[in-house]
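Report on the following structure.
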Amino acid sequence: QVQLVESGGGSVQAGGSLRLSCAASGRTFSIYTMGWFRQAPGKEREFVGTIDWSDGVTYYADSVKGRFTISRDNAKNTVYLQMNSLKPEDSALYYCVLRQTRISSSHRYLPSAYNTWGQGTQVTVSS
């Protein structure tokens, strides 16, 4: 069993920055990828980005490319989401996700591909 604990959410004005963290604990001996999804009120949960644990390769949603950066600290089993140039449409509940087995490119963007989720941290961007 793996547990995820997120931190770093909050409120910021448009154009500002926030950094989210997510620490994994428990049976973390095998992590294939970690990353982030988000869900705004009345909308479906959407992919933000992930990072593969072995080689650090990152994947991003088009909507955040160039503004958000995912990084990891393998020793701490922690993934980070640096969010810059935030927009009001980035406001959402951000969830950390983890997958311990290999994932295909086509499935990476699907919430159903991840069986370990954090509790979520709120990000609010005001205009």
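These numbers come from a predicted model, not from an experiment. Each residue takes its place number in the sequence, starting with 1.
For the pair Ala92 and Ala40, the tightest heavy-atom approach, listed with the atom from each and the gap, is CB-N, 3.8 Å. Between Leu86 and Met83, the shortest heavy-atom distance links the atoms CD2-CB, 3.8 Å.
Rounded to the nearest 0.5 Å, atoms OG (Ser25) and CG (Asn77) are 8.5 Å apart. One distance of note links CD1 of Ile31 with CD of Gln100; it measures 7.0 Å at 0.5 Å rounding.
The main-chain N or O of Leu93 is never found under 3.5 Å from a side-chain atom of Gln39 such that the two would form a donor-acceptor pair. With hydrogens and angles disregarded, a donor-acceptor distance shorter than 3.5 Å links the side chain of Thr121 to the backbone of Gly9. Judged purely by atom type and a 3.5 angstrom limit, Tyr60 uses its side chain to pair as donor or acceptor with the backbone of Ile70. Side-chain N or O atoms of Ser63 include none that pairs as donor or acceptor with a backbone N or O of Ala61 at under 3.5 Å. Judged purely by atom type and a 3.5 angstrom limit, Glu6 uses its side chain to pair as donor or acceptor with the backbone of Gln119.
Clustering ILVMFWY residues whenever any of their side-chain heavy atoms sit less than 4.5 angstrom apart, transitively, puts Trp117 in a cluster other than the one holding Leu4. Hydrophobic clustering (ILVMFWY, side-chain heavy atoms < 4.5 Å, transitive): Leu18 and Val79 are in one cluster. Note: the hydrophobic cluster containing Val123 does not contain Tyr95 (ILVMFWY, side chain heavy atoms under 4.5 Å, direct or indirect links). Hydrophobic clustering, with ILVMFWY side chains joined whenever heavy atoms are under 4.5 angstrom apart, keeps Val48 apart from Val57. Linking Ile, Leu, Val, Met, Phe, Trp and Tyr residues whenever their side-chain heavy atoms come within less than 4.5 Å leaves Phe68 and Val97 in two separate clusters.
Legend: residues meeting side chain to side chain contact (heavy atoms under 4.5 Å, CB included) with Arg67, ordered by chain and number and at least two apart, are Val64, Ser85, Lys87, Asp90. When the ring-ring contact (aromatic ring centres under 6.0 Å, His included) test is applied to Phe47, the partners found at least two apart in sequence or on another chain are Phe37, Tyr109. For Thr124, the side chain to side chain contact (heavy atoms under 4.5 Å, CB included) partners two or more places apart in sequence, or in a different chain, are Ser11, Ser91, Gln122.
At a threshold of 4.5 Å between non-hydrogen side-chain atoms, the residues Ser17 and Gln82 count as touching. Side-chain contact check for Tyr32 versus Leu98: every heavy-atom pair is 4.5 Å or farther apart. For the pair Tyr59/Thr33, no side-chain contact is recorded, criterion being any heavy-atom separation below 4.5 Å from C-beta on. Put simply, the side chain of Cys96 reaches to within 4.5 Å of the side chain of Trp36, judged on heavy atoms. For the pair Thr50/Met34, no side-chain contact is recorded, criterion being any heavy-atom separation below 4.5 Å from C-beta on.
In summary, the side chains of Tyr94 and Arg38 do present a donor paired with an acceptor at a separation below 3.5 Å, with no hydrogens or angles considered.
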Yes or no on side chain to side chain contact (heavy atoms under 4.5 Å, CB included) for Arg19 and Leu81, after CA distance, side-chain angles and deciding distance?
CA-CA 6 Å; Arg19 188 191 194 212; Leu81 179 64; over 6 Å; no
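In this structure, Arg72 fails the cation-pi test against Tyr80, since its NZ or CZ atom is not both closer than 6.0 Å to the six-membered ring centre and inside 45 degrees of the ring normal. For the pair Arg99 and Trp53, the cation-pi criterion (under 6.0 Å, within 45° of the ring axis) is not fulfilled.
Electrostatic pairing of Asp52 and Arg108 counts as a salt bridge here, judged by a charged N lying under 4.0 Å from a carboxylate O.
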